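These numbers come from a predicted model, not from an experiment. When reading the values below, keep in mind they use all heavy atoms of this one structure, side chains included, and skip hydrogens, waters and symmetry mates. In what follows, chains are A, B, ... by sequence order, proteins preceding strands, each numbered from 1.
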Protein chains: 2
Amino acid sequence: MARILLVDDNVKIRKLMEIYLKRDAFEVLQAEDGTEALSVLKKHNINLIVADIMMPEMDGYELTEQLRDAGFTMPILMVTAKETYADKKKGFEMGADDYMTKPVDMDEMLLRIKALLRRAKISSENRLVLGGVELDYEALEIRTPKQVYLLPKKEFYLLFKLLSHPKKIFTRQELMDDIWGFDSEVDERTVDVHIKRLRDKFSDLEEFEIVTVRGLGYKAERKA
Amino acid sequence: MARILLVDDNVKIRKLMEIYLKRDAFEVLQAEDGTEALSVLKKHNINLIVADIMMPEMDGYELTEQLRDAGFTMPILMVTAKETYADKKKGFEMGADDYMTKPVDMDEMLLRIKALLRRAKISSENRLVLGGVELDYEALEIRTPKQVYLLPKKEFYLLFKLLSHPKKIFTRQELMDDIWGFDSEVDERTVDVHIKRLRDKFSDLEEFEIVTVRGLGYKAERKA
DNA sequence: GGCTATATGAACTCAGCGTGAACGAATTCA
DNA sequence: TGAATTCGTTCACGCTGAGTTCATATAGCC
């Protein structure tokens, strides 16, 4: 599931947003200004940012600009009380993807977040299916035609990541950044071990497999 | 510049949008309902669609759904007089990327269109096609009409380089500098071997070939 | 024909990967 | 609380195939 960072100096607003987002099974992280947001981004792999503009320390414009300059490409949804054309223009020009004015309709925000994630090819479903393997994010379960497994966390997130972009090759580093966190220092071979354990569970499946791409990484796909 | 298709049954609104879009150097095409839009899409390469929901013949929802089902991935901005949550929800669920309610602020529409195009560009850079050969560089696969190959790293990058500038002759040194690195010390003949392995995979293709230019190098092109 | 550049089959090699086992950490259970 | 189980990680050893080289055949050019 997608990981969303809320940046707003108003705790009540963050709390409200969190409730709505968690109800839709998003993972939520929070920061109260741009500076704090940047430090969160260093430690976690974030899929989308919801940022207020008016904030102490570093405002939403500056945050957006710094992120884009630093090469971050995740969608950014700006939220603010300001609603003049000039404000919106500035927000979009800094690199925001969408813009909503307060008071924010939470339901509409959810729709927009999902549309952004869909466009960015980050799955926002809590159910994934590929080649006879069904993954239930809430229960950490996978269902194959023959069996239901309750997977250990690491194995589950790994499979989930692979299934979120079928056919896309993920390097071990990418997988580790996402599942272990950017600053983790686990051995790259650890990924291999988890892959093997996943493979063992699918060994008898006809339609699904995890493919090794030598020198690059792994990918999930339907068997030929 | 981007080519935008406006779909709305109201000529005046289309005209107004056209003026604003052309002022920003967009290329504008028009259709007055979903059915007409589909026929325009068959003939032209469209980068983004602005669609009204209420239309005779085929409404915006249906158009969006048909487009997504048919595999079109360009951003769609929905514009409508309706503004209930249910309407927005339906629009987004059908696969729209953004949603604005009438009366539309033309300046904001431009900002949103630009943001959508920017985002679409970021995520559509994974494919390359020439003469019936499709190259997917997320999956490291090439698809020919007859088969799909998962290429080894070096072979893939080599083909990718050649296809990035069809008809351009690349010297072995150029190819090596790019794929092996400037300081590499591999034999020039190594390139030949990889070229051969690529050729083997295309041996039965009618439209595509890698041509040797004696004394210079190789180039990729459509067969005569 | 003679020279040079390229094609091609085959052999080699070593980085990258699979895998079993082992051990500590975390979690569950009694 | 301690015991039992499950989970996460590391390590070491062996295998494999992608990448390279080499030797020979073939093709292009004057």
Sugar-phosphate only, base, or nothing, as touched by Tyr218(B) at under 4.0 Å among non-hydrogen atoms: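 Since only primed, P, OP1 and OP2 atoms lie under 4.0 Å of Tyr218(B), the category is sugar-phosphate.
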Neighbour count >12 (heavy atoms, 6.0 Å) for atom [atom1], [X]:
X	atom1	result
Lys114(B)	NZ	yes
Lys168(B)	NZ	yes
Met106(A)	CE	yes

What are the atom names and distances for every N/O pair under 3.5 Å that joins the protein to nucleotides 9-12 of chain C?
residue: dG9(C); atom: OP2; partner: Lys196(B); partner atom: NZ; Å: 3.3

Rounded to whole angstrom units, what separation is found between the [atom1] atom of [X] and the [atom2] atom of [N]?
X	N	atom1	atom2	result
Ile210(A)	dG18(C)	CD1	P	10 Å
Lys153(B)	dG16(C)	NZ	P	7 Å
Leu150(A)	dT28(C)	CG	C1'	14 Å
Ile195(B)	dA5(C)	CD1	P	18 Å

Note: Lys88(A)-Glu108(B) ion pair, threshold 4.0 Å (strictly below):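 Between Glu108(B) and Lys88(A) there is a salt bridge, with a charged N closer than 4.0 Å to a carboxylate O.
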Side-chain ion pair, Asp8(A) and Lys102(A), N-O less than 4.0 Å: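 Looking at Asp8(A) and Lys102(A), the cut-off is met.
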side-chain hydrogen bond (donor to acceptor under 3.5 Å, both in side chains) between Asp177(A) and Asn45(A), intermediate numbers included: CA-CA 7 Å; Asp177(A) 286 349; Asn45(A) 185 21; over 6 Å; no
Proximity to DNA chain C (any heavy atom under 4.0 Å), residues of residues 161-189 of chain B only: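 The answer is Arg172(B), Arg189(B).
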Opening and closing nucleotides of DNA chain D in contact with chain B, under 4.0 Å to non-hydrogen atoms: dA18(D) to dC29(D)
Side-chain heavy atoms of Phe72(A) within contact of Ile46(A), under 4.5 Å: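 No, their side chains stay 4.5 Å or more apart.
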Glu188(A) vs Met176(A) side-chain heavy atoms within contact, under 4.5 Å: yes
Salt bridge (charged side-chain N to carboxylate O under 4.0 Å, His left out) assessment of Asp200(A) paired with Lys196(A): CA-CA 6 Å; Asp200(A) 287 346; Lys196(A) 179 201 166 8; 3.0 Å; yes
Thr84(B) side chain to Asp87(B) side chain, donor-acceptor N/O pair below 3.5 angstrom: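 Yes, side-chain donor-acceptor contact under 3.5 Å.
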Residue-phosphate contact under 4.0 Å: Thr212(B) side-chain N/O, dA5(C) OP1/OP2: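 Thr212(B) to dA5(C) OP1/OP2: no side-chain N or O under 4.0 Å.
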Arg23(A) side, atom CZ; Glu18(A) side, atom CD - distance, nearest 0.5 Å: 12.5 Å
